[in-house]
Amino acid sequence: MENNQYFGTEKVGKLLAQFAIPCIFSLIISCLYNIVDQIFVGNGIGYLGNAATGVIFPITVVGWGMSLFFGDGAAASLSVSLGRNETETIHRSVGNAALCSFLSGVVIIAVSYLCGDSLLRLIGATDANLNMAHDYGFIIYAMMPLAMVQNTLASIIRADGSPRYAMGAMLVGAVINIIGDSVAIFVLDMGIKGAAYATILGQFVSFLICAAYLLKSKTFHISAGSFRLDFVLLKRTMALGTSSLLTQLSIVVITVVNNILLVRYGAESVYGADIPLAAFVVIMKLFQIVLNIAIGIAAGAQPIVGYNYGAGKYERVKSLLKLVVSWTFIVCLVCTVLFEAIPQVFIRMFGADGELYTLFAVGCLRIYLSLIIFTCVQKVCAIFLQSIGHAKAAAPLSVLRDVFLIVLSLIVPIFLGVTGIFWAAPAADILAIAITAGVMARLWKELSAAEGSRISESVLPAYPTKSGVVITVSREHGSAGK
C-alpha cells in the first residue's frame, strides 16, 4: 500500500527518473550481449563474422519478442492491478508469464535445430558466412528458454518497483559476456564459437539473479500454484503484451526481408552481397541502442502510468505522457546529430574492412537513422497506450512504421538500387508519425474529458443553509493524515 501511495503522490518527474534510468540501462545492457559480440567479432574475425551474427539476429529477436509478450503483458497487468487495489491474482499472472516464456523458448530451440542450415539460408545466409552463422547460432539456441525467462522476469521486476535490481542482473551478465568475448576470441582463439559461449554464460548468470528475486518480491508471493496455467489471466496478459510482441516480430520481418534484398541488390552493385549485409547489421545495432533508450523511458514509466490510470489520476497520466515524449525527443535529437556528424566513428567501432565497406556503411547510416526521432517517439506512444491497458490501439500502432518500412523496402530499391533499401526508413518514419500524432491527440482529449468528469463527480451538491452545529475534521499539512 505504501508503494501504491508513492506512485500516486510523488512528483512525476522524480518518479520517471527513478524508474526510467535503471530501465534504460537494463535494456542497453541487454543489447550489449549481441552488440559486444558484433564489436569483438568485427575486430577479431572481420565483417563476414558480423554478417554471420546478423543472420542469427532475427531468431534471437523472436525469442526476445515472446519474452516481452508475456513479460511486458504481466508487468502492465501488475501495474494497473495495483492502481485498482486488485492484488489477489498478481502472483499467478507472474507465474504463468514465466512458464509460457520458457515453453516458447523450447519451441524456438526445436524449430531452429530441426530446420538447421536451411533456415539460415532462408533468412539471409550466404555461402561466404553460412558456416560461421551455423557455429554461432547452434550454441546461442541452447540458452534460449532460460534467456527468455530472464527477460520476462526483468520486466516484472521493474513493475514490482525494483528497476535497479533488474539493471544489476543485466549488468552482471553483460560484464561476463564482455570478459568472455575478449578471452575466447583473442586469447583462446575460439573464433565465433567463443563469442557464442561468452554470450550464453552471461545470460545464464542473469537468469539466476532474476529468478532469485522471486523469493523476495514486493507485491506478490510466488508458490507452486502460481505456475498452474490460468487461461483467463493469460488472455489479459497476452492482450497487454501484444504490442511488445508485434514490435519485435516486425523487427524480425524487416531484418529478414532486408537481408534478402541486400543480398539480391548488393550482388548487382559494386559492393557485392556481403558488404551491404554487414553494414546493415551494424546500422541495426546502433538503431537498437537508440530505440532501447526510448523504450527504456516508456517502460520505466509503465508502472507509474498504469497505477495512476487505474487510480483515475488522469492529470498525472497526461503529465507523464508529456515527459516521456519530451525526454525521448531530446535523447534522439542528440543521437541524430552524432550520427550525421561523425558516422565513421560508429562504423569503425565494429571494425572496418576496406575503404569500399566504410564508404557504403557511412553513407547508409546517415540515411537510415536520419529520422530516428520520429521512429522512437512513435514507438514510445504505442508503449504508453499499452501501459494504460489500451491494447487494441497499442498493437496496430506498434507495427505501423514497420509495415510502411517493409512495403517501401520492396518498392524503393527498384528505382534506387541497394541504397534504396536504406532510404525506405525515413520515408516510413514520416508516414507513421503523422498517423500516430492523430491517435495521441485523440487520447489526450479522452484523458482531459475523463479528468473533467472525475472532478465534477467529486463535487458535492449544495443544500440550503440550516441552523445547527458544524463539526469539521482536518489535518495538518505534511502530517500524512495523522
Flag the pair His390 / Leu443 as yes when at least one side-chain heavy-atom distance between them is below 4.5 Å, and no otherwise. yes
Under 4.5 Å between any side-chain heavy atoms of Val187 and Ser182, yes or no? no
Got a donor-acceptor contact below 3.5 angstrom from the Asn177 side chain to the Thr199 backbone? yes
Using side chain to side chain contact (heavy atoms under 4.5 Å, CB included), reason through Leu410 and Val257 one step at a time and then give a plain yes or no. CA-CA 8 Å; Leu410 294 170; Val257 169; 4.2 Å; yes
Are Ile59 and Leu119 packed together at the side-chain level, in the sense that at least one heavy-atom pair is separated by less than 4.5 angstrom? yes
Geometric class of the Tyr141/Tyr113 ring pair [parallel <30°, tilted 30-60°, perpendicular >60°]: perpendicular
To the nearest 0.5 angstrom, please state how far the CD1 atom of Ile283 sits from the CG atom of Asn258. 10.5 Å
Rounded to the nearest 0.5 Å, how far apart are CG of Leu371 and SG of Cys376? 11.0 Å
Just so I know, are the side chains of Trp64 and Thr60 near enough to count as touching, which here means a heavy-atom distance under 4.5 Å? no
Do side-chain atoms of Arg366 reach the backbone of Glu340 as a donor and acceptor pair under 3.5 angstrom? yes
Is any side-chain heavy atom of Phe422 less than 4.5 Å from a side-chain heavy atom of Phe280? yes
For Arg158, is there any backbone N or O sitting under 3.5 Å from a side-chain donor or acceptor partner on Ser162? no
Before you tell me yes or no, could you show the steps for Ile254 and Ile406 under side chain to side chain contact (heavy atoms under 4.5 Å, CB included), namely the whole-Å CA-CA distance, both residues' side-chain angles and the distance that decides it to 0.1 Å? CA-CA 6 Å; Ile254 289 169; Ile406 292 168; 3.8 Å; yes
Under 4.5 Å between any side-chain heavy atoms of Met440 and Leu321, yes or no? yes
Can a donor-acceptor pair be found, under 3.5 Å and without considering hydrogens, that links the side chain of Thr436 to the backbone of Gln378? no
Could you check whether atom CZ of Phe287 has more than 12 heavy atoms from other residues, nucleotides or ligands sitting under 6.0 Å from it? yes
Hey, does the side chain of Lys379 reach the backbone of Ile295 with a donor-acceptor pair shorter than 3.5 angstrom? no
Please report the closest heavy-atom contact between Ala428 and Arg401, naming both atoms and the distance. CB-O, 3.7 Å
Which distance, rounded to the nearest 0.5 Å, do you find between the CD1 of Ile297 and the CZ of Phe19? 15.5 Å
Are Tyr213 and Leu153 packed together at the side-chain level, in the sense that at least one heavy-atom pair is separated by less than 4.5 angstrom? no
I need the minimum non-hydrogen distance between Cys100 and Leu229, along with the two atoms involved. SG-CD2, 3.9 Å
Quick one, Phe102 with Leu146, criterion side chain to side chain contact (heavy atoms under 4.5 Å, CB included). Give me CA distance, side-chain angles, the key distance, then yes/no. CA-CA 7 Å; Phe102 179 85; Leu146 296 185; 4.0 Å; yes
Any idea which heavy atoms bring Ile347 and Ala361 closest together, and the distance? CD1-CB, 3.6 Å
Give me the ring orientation class for Phe360 and Tyr271: parallel if the planes are under 30° apart, tilted from 30 to 60°, perpendicular past 60°. tilted
Shortest non-hydrogen pair, Ala427 vs Leu408, comes out as CB-CD1, 3.7 Å
CD1/Ile200 to CD1/Ile140 distance, rounded to the nearest 0.5 angstrom? 6.5 Å
If I compare all heavy atoms of Thr152 with all of Gly71, which pair ends up nearest, and what's the gap? CG2-CA, 3.5 Å
Side-chain donor or acceptor of Ser206 paired with backbone N/O of Ala169 under 3.5 Å: yes
Side chain to side chain contact (heavy atoms under 4.5 Å, CB included) evaluation trace for Leu431 with Ile435: CA-CA 7 Å; Leu431 295 173; Ile435 296 174; 5.8 Å; no
Check: Ile109 main-chain N/O paired with Ser112 side-chain donor or acceptor under 3.5 Å: no
Approximate separation, where rounding is to 0.5 Å, of Ile192 CD1 and Asp135 CG: 7.5 Å
Interatomic spacing from CD1 in Ile372 to OG1 in Thr328 - rounded to 0.5 Å: 11.5 Å
Between the side chain of Asp117 and the main-chain N/O of His134, is any donor-acceptor distance below 3.5 Å? no
Return the minimal non-hydrogen interatomic distance between Ala301 and Val324, and the atom names on each side. CB-CG2, 3.7 Å
Between the main-chain N or O of Thr419 and the side-chain N or O of Tyr265, is there a donor-acceptor pair closer than 3.5 Å? no
Close side-chain approach of Lys193 to Tyr136, heavy-atom, < 4.5 Å: no
